[in-house]
**Q** 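This is the structure I want to talk about, given as structure tokens.
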Number of protein chains: 2
Amino acid sequence: MKRNTWQREAVRTALTGTEGFVSAQVLHSHLRDTGSSIGLATVYRALASLEETGEVDALQQDGESLYRACTQGTHHHHLICRNCGTTVEISADPVEQWARQVAAEHGFTQANHVVDVFGLCAACTALAAAGGQVAEPGRVT
Amino acid sequence: MKRNTWQREAVRTALTGTEGFVSAQVLHSHLRDTGSSIGLATVYRALASLEETGEVDALQQDGESLYRACTQGTHHHHLICRNCGTTVEISADPVEQWARQVAAEHGFTQANHVVDVFGLCAACTALAAAGGQVAEPGRVT
DNA sequence: TGCTAAACGATAATCATTGTCAAAAAGGGT
DNA sequence: ACCCTTTTTGACAATGATTATCGTTTAGCA
Ligand SMILES: [Zn+2]
Ligand SMILES: [Zn+2]
Ligand SMILES: [Zn+2]
Ligand SMILES: [Zn+2]
């Protein structure tokens, strides 16, 4: 059976206390900085496990996995500031339907989808307008 | 200025002759198998360059970048068989609008989006039904 | 045909992630 | 509380994709 360790709980808590998406490495650093002695491999394992149970959401950016403890228990997507990481959870029923339909139309089954919107949040937009340095837009896929 | 080398052309050609998305490594193998002496680093460079110019599309799966020479010159998305790689290019105006609106509603600017649909194509669905082994559905993001 | 900056290619380096395995500890039963 | 079995941990090695290096090659041009 699955056991409850303080390590798993520490990861859960650390993630809940983080606004945006974070990498395993960064989360591990935060944990260490706050005095935890948790190992890096354990953070990876905990995140993978929490993702499986659906407790946390994951996405890939620049070839690395980022995790976030979302408040919505149901399926949803994300609007993410590519500069500061601020994340908004968004429902997208029209997109859900569209995805289902497009797959069906072409005879595809067991369809799932990856849908994320990246941009500059209001704050970072203002910052950029004031001459601040912000991340470049990535490629649209 | 940007130069035209047979290496870049070889990558372009190899990619055009490939139906689905392929990794740099796999493309390099194909090229070598067909007698080319092109180097791996060069394949990576050519793909990155071709992606910049918009000649090829890229997406990330399982932490690796996959590339494809798409026929549509305009912005579009993909329906991809997670088992055999068969890819269908799809226009998604409703999704484009939705993405724009959702970003605007939350004060986000310079928005772009990642939208991909994965599934099992008709052929692979039949194969699976016949007891064949196919890839598992990944996590939905 | 020469020049020069861009492109190559072999290989070393990087970096996130996973595998290994002995030691630690959670859970359940006594 | 104690013991036993099995899971989980953590330090570290290994992997695998991608990038950096750097001396050599070559495209584009006068
Ligand atoms: Zn921001
Ligand atoms: Zn969805
Ligand atoms: Zn298929
Ligand atoms: Zn689009």
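The chains referred to below are lettered A, B, ... by the order of the sequence lines, with proteins before strands, and numbering in each begins at 1.
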**Q** Any side-chain N or O of A:T42 below 4.0 angstrom from OP1/OP2 of D:dG10?
**A**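 Indeed, a polar side-chain atom of A:T42 lies that close.
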**Q** Is there a path of hydrophobic side-chain contacts, each under 4.5 Å between heavy atoms of I, L, V, M, F, W or Y residues, that connects B:L27 with B:Y44?
**A**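 They do not share one cluster, since no chain of ILVMFWY contacts under 4.5 Å joins B:L27 to B:Y44.
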**Q** Given atom CH2 of A:W6 and atom C1' of C:dA25, what is their separation to the nearest angstrom?
**A**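 These atoms are roughly 12 Å apart.
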**Q** Between the base of C:dG19 and the side chain of A:R45, is one N or O donor paired with an acceptor at under 3.5 angstrom?
**A**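 Under the 3.5 Å cut-off, the side chain and the base do not form any donor-acceptor pair.
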**Q** Ignoring backbone atoms, establish whether B:S23 has a side-chain N or O less than 4.0 Å from OP1 or OP2 of D:dA17.
**A**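 B:S23 to D:dA17 OP1/OP2: no side-chain N or O under 4.0 Å.
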**Q** Between C:dT18 and A:Y44, is there an OP1 or OP2 to side-chain N/O distance shorter than 4.0 Å?
**A**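 Negative; the distance criterion is not met.
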**Q** Of all the nucleotides listed (D:dT18, D:dA20, D:dA27), which has the minimum atom distance to the side chain of B:T5?
**A**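 It is D:dA27.
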**Q** What is the distance from CG of A:D62 to C1' of D:dA17, rounded to the nearest Å?
**A**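 Nearest whole value for this atom pair: 14 Å.
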**Q** With a 3.5 Å cut-off and just heavy-atom distances, do the side chain of B:R3 and the base of C:dA7 make a donor-acceptor pair?
**A**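 Side chain to base: no pair present.
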**Q** Please walk me through it: do B:E89 and B:R68 pass salt bridge (Lys or Arg N to Asp or Glu O under 4.0 Å)?
**A** CA-CA 11 Å; B:E89 298 176 27; B:R68 182 170 189 272; 2.8 Å; yes
**Q** Under 4.0 Å: is that the gap between some side-chain N or O of B:Q7 and OP1 or OP2 of C:dG9?
**A**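 Checking B:Q7 against C:dG9: at least one side-chain N or O falls below 4.0 Å of OP1 or OP2.
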**Q** Applying the side chain to side chain contact (heavy atoms under 4.5 Å, CB included) criterion to B:V115, which one of A:V95, A:V115, A:V114 satisfies it?
**A**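 In the set A:V95, A:V115, A:V114, the residue that makes a side chain to side chain contact (heavy atoms under 4.5 Å, CB included) with B:V115 is A:V115.
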**Q** Can you find a side chain N or O atom of B:S65 that sits less than 4.0 Å from OP1 or OP2 on D:dA17?
**A**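 It does not, given that no N or O in the side chain of B:S65 lies less than 4.0 Å from OP1 or OP2 of D:dA17.
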**Q** Can you tell me how far P of C:dG28 sits from NZ of A:K2, to the nearest Å?
**A**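 My rounded result for the distance is 15 Å.
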**Q** From C-beta outward on B:A41, which listed nucleotide comes closest to its side chain: D:dA20, D:dG28, D:dG10?
**A**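 Taking heavy atoms from C-beta onward, the closest nucleotide is D:dA20.
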**Q** Which whole-number value in Å describes the distance from B:R12 CZ to C:dA7 C1'?
**A**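 Computing the B:R12:CZ to C:dA7:C1' distance gives 14 Å.
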**Q** Of the nucleotides D:dT18, D:dT9, C:dA7, which has the atom closest to the B:R8 side chain?
**A**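 Side chain of B:R8 sits closest to C:dA7.
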**Q** Specify the separation, in whole Å, of atom CG of B:L40 and atom P of C:dG9.
**A**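 Going from CG in B:L40 over to P in C:dG9 covers 10 Å.
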**Q** Select one nucleotide: of D:dA17, C:dA16, C:dA10, the one nearest the side-chain heavy atoms of A:E64.
**A**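 That would be C:dA16.
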